K.L.:
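Quick one: the structure is below, and I'll ask about it shortly.
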Amino acid sequence: MEQEQLRQVQLQMAQQVEVCTEGEGYFPQGSDIYFTMDIQYEGDFAHIAIVVNDFKESISECYVQTLPVEVEYVPGFFAFREGPLLKQVIEKIIKETDYYPQLLIIDGHGIAHPRRLGLAAWLGVKLGIPAIGCAKRTLLKYEVEKPTVRGAFTTIWHEGEEVGVVLCTQNEVKPVYVSVGHRIALKTAINIVLSLATSYRQIEAIRMADQKARLLAKGVTNGVVVLS
DNA sequence: GCGACAG
DNA sequence: ATCTTGTCGC
């Protein structure tokens, strides 16, 4: 029953998601800052890392914080578990530093979700900031041949809607799943992911956040700013 | 009832 | 996400 309530919340919030057509919405500028993030779990604690970067590569900093986990993971309701935690840390960084993100890139889905409200869409709407979902696995069920040439992609259709793409970021490497989170066009999101996934399957900054979160979980905080 | 199921 | 060994390769 609680599940049904959350389902209703998703449907309501999904109406607030702004999906832009090509040429409209957010477009990266060299000085723009984008936040990337990841969480490592250990018992009842979430070790969170948020990496701050700008498109001209003159900024690269990492902020970390450990917070108690309060919501269990349920497929399709991921945003209710990680969303509040990430939102809290993002707002803290905005408040305590001079950094404000023009874009959020999340390791998870945007609208490529049963009710169009993956974590990237949830965060984008809650914070009112453009967002992109770039997941390593799909949530929706569909059948398409996976592209194997860097830059190639296949559209993911769900209930008659174009909700994202299966994108190959490195030749002969498993693809990633890109979808709009908020205030951006799918085409722009694809180009951004491709430009930031220079050497590996996943975007460099997301890998960095993943690594920093793992280190934080082990008590290693060299080179990062520990928030409290 | 059984299996699938972002992180 | 996490539980887990070795192994191949740059």
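Remember, it's a predicted structure, so these values are computed and weren't measured experimentally. Sequence lines set the chain letters: A, B, ... in the order given, protein chains first and strands last, and positions in each chain run from 1. As a basis for the values below, the full set of heavy atoms in this structure was taken, side chains included, without hydrogen atoms, waters or symmetry mates.
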K.L.:
Distance from A:L119 atom CG to A:H113 atom NE2, nearest 0.5 Å?
P.N.:
9.5 Å
K.L.:
What integer distance in Å separates A:F77:CZ from B:dA6:P?
P.N.:
13 Å
K.L.:
Specify the separation, in whole Å, of atom CZ of A:R81 and atom C1' of C:dT2.
P.N.:
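Computing the A:R81:CZ to C:dT2:C1' distance gives 11 Å.
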K.L.:
Just how far, in rounded Å, is C1' of B:dC5 from CZ of A:F78?
P.N.:
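These atoms are roughly 13 Å apart.
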K.L.:
Quick one: is A:R214 getting a side-chain N or O under 4.0 Å of the C:dA1 phosphate, OP1 or OP2?
P.N.:
yes
K.L.:
May I have the distance from A:L119 (atom CG) to C:dA1 (atom P), rounded to whole angstrom?
P.N.:
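From A:L119 CG to C:dA1 P: 13 Å.
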K.L.:
Check this for me: A:M208, atom CE, are more than 12 non-hydrogen atoms of other residues, nucleotides or ligands nearer than 6.0 Å?
P.N.:
no
K.L.:
How long is the line joining CD of A:Q202 and C1' of B:dG7, in whole Å?
P.N.:
12 Å
K.L.:
Nearest heavy-atom pair of A:I33 and A:Y100: which atoms, and what distance?
P.N.:
CB-O, 3.8 Å
K.L.:
In whole Å, what is the span from the CD1 atom of A:I106 to the C1' atom of B:dG7?
P.N.:
13 Å
K.L.:
Between A:E145 and A:T154, do the side chains contain a donor N or O and an acceptor N or O under 3.5 Å apart?
P.N.:
no
K.L.:
Is there any protein nitrogen or oxygen under 3.5 Å from a nitrogen or oxygen in nucleotides 7-10 of chain C, and what are the pairs?
P.N.:
none

K.L.:
So which atom in A:L194 and which in A:R150 form the shortest heavy-atom distance, rounded to 0.1 Å?
P.N.:
O-NH2, 2.8 Å
K.L.:
Strictly below 4.0 Å, heavy-atom distances to any atom of DNA chain C: list the hits from residues 40-47 of chain A, or just say none.
P.N.:
A:Q40, A:Y41
K.L.:
Specify the separation, in whole Å, of atom NE2 of A:H109 and atom P of B:dG7.
P.N.:
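Whole-Å distance recorded here is 6 Å.
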K.L.:
With a 6.0 Å cut-off (strictly less than), is the heavy-atom count around OH of A:Y200, excluding the residue itself, greater than 12?
P.N.:
no
K.L.:
Between atom CG in A:D210 and atom C1' in B:dA6, what is the gap in whole Å?
P.N.:
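The distance from CG of A:D210 to C1' of B:dA6 comes to 14 Å, rounded to the nearest Å.
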K.L.:
Among residues 131-159 of chain A, which contact DNA chain B at a heavy-atom distance under 4.0 Å?
P.N.:
A:A135, A:K136, A:R137, A:T138, A:L139, A:K141
K.L.:
Classify the ring geometry of A:Y34 against A:F55: parallel below 30°, tilted from 30° to 60°, perpendicular beyond 60°.
P.N.:
tilted
K.L.:
Could you tell me whether the side chain of A:Q40 reaches within less than 4.5 Å of the side chain of A:L216, counting heavy atoms only?
P.N.:
no
K.L.:
So A:T97 and A:V52, do their side chains get closer than 4.5 Å, heavy atoms only?
P.N.:
no
K.L.:
Less than 4.5 Å apart, side chain to side chain, heavy atoms only: is that true for A:P175 and A:L167?
P.N.:
no
K.L.:
Taking all non-hydrogen atoms of both residues into account, name the closest pair between A:R183 and A:I129 and its distance.
P.N.:
NH1-N, 4.4 Å
K.L.:
Would you please determine if the base of B:dG7 is stacked by A:Y73, with stacking meaning a centroid separation under 5.5 angstrom and planes under 30 degrees?
P.N.:
yes
K.L.:
Quick one: label A:F80 by what it contacts on the DNA or RNA (base, sugar-phosphate, nothing), any heavy atom closer than 4.0 Å.
P.N.:
nothing
